[in-house]
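Atom set for the values below is all heavy atoms of this structure, side chains included, hydrogens, waters and symmetry mates excluded.
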Amino acid sequence: TKVAKWKTTVQLIAIGFLIAGPAGDKIIPYVSEFGLFCLWIAAGLTLYTGYDYFRAGIGHVMDDK
């Protein structure tokens, strides 16, 4: 889904900022905090897309075929 693709994008951005870590904070303030913020957003999107996939998949399991 498009939301899952956005989740992946946010995860990759978060990883980039978190890899920069304390060295990035010396160049641009709050790099690590922004990375953590993006990671939490990605976690929320993961829960949402996981539920969405579960809801779609349970329909196939419960189908009377």
Side-chain angles (χ1 to χ4, degrees):
T1 64
K2 287 190 179 207
V3 176
K5 296 201 184 297
W6 276 104
K7 174 198 57 103
T8 303
T9 302
V10 172
Q11 282 176 330
L12 293 173
I13 290 170
I15 289 171
F17 278 91
L18 291 173
I19 287 174
D25 287 334
K26 291 180 181 177
I27 299 170
I28 301 172
Y30 303 109
V31 167
S32 296
E33 287 82 1
F34 183 72
L36 286 173
F37 174 75
C38 288
L39 203 59
W40 279 106
I41 296 295
L45 291 173
T46 299
L47 291 173
Y48 175 79
T49 56
Y51 173 74
D52 195 33
Y53 287 138
F54 175 76
R55 194 180 66 210
I58 201 75
H60 294 293
V61 172
M62 302 302 264
D63 199 14
D64 292 327
K65 285 190 177 182

Compile the donor-acceptor pairs under 3.5 Å between side chains in residues 4-20 and protein atoms, sequence neighbours left out, one pair per line.
from, atom 1, to, atom 2, distance (Å)
Thr8, OG1, Ala4, O, 3.1
Thr9, OG1, Lys5, O, 3.0

Exercise. Not counting sequence neighbours, list each pair that qualifies as a side-chain hydrogen bond (donor to acceptor under 3.5 Å, both in side chains) and has a residue in residues 28-42.
Key: Asp25-Ser32

Exercise. May I have all residue pairs that pass side-chain hydrogen bond (donor to acceptor under 3.5 Å, both in side chains) and include part of residues 41-59, sequence neighbours excluded?
Key: Asp52-Arg55

Quiz prompt | Set of side-chain contact (heavy atoms from CB on, under 4.5 Å) partners for Ile28, sequence neighbours left out | solution = Val31

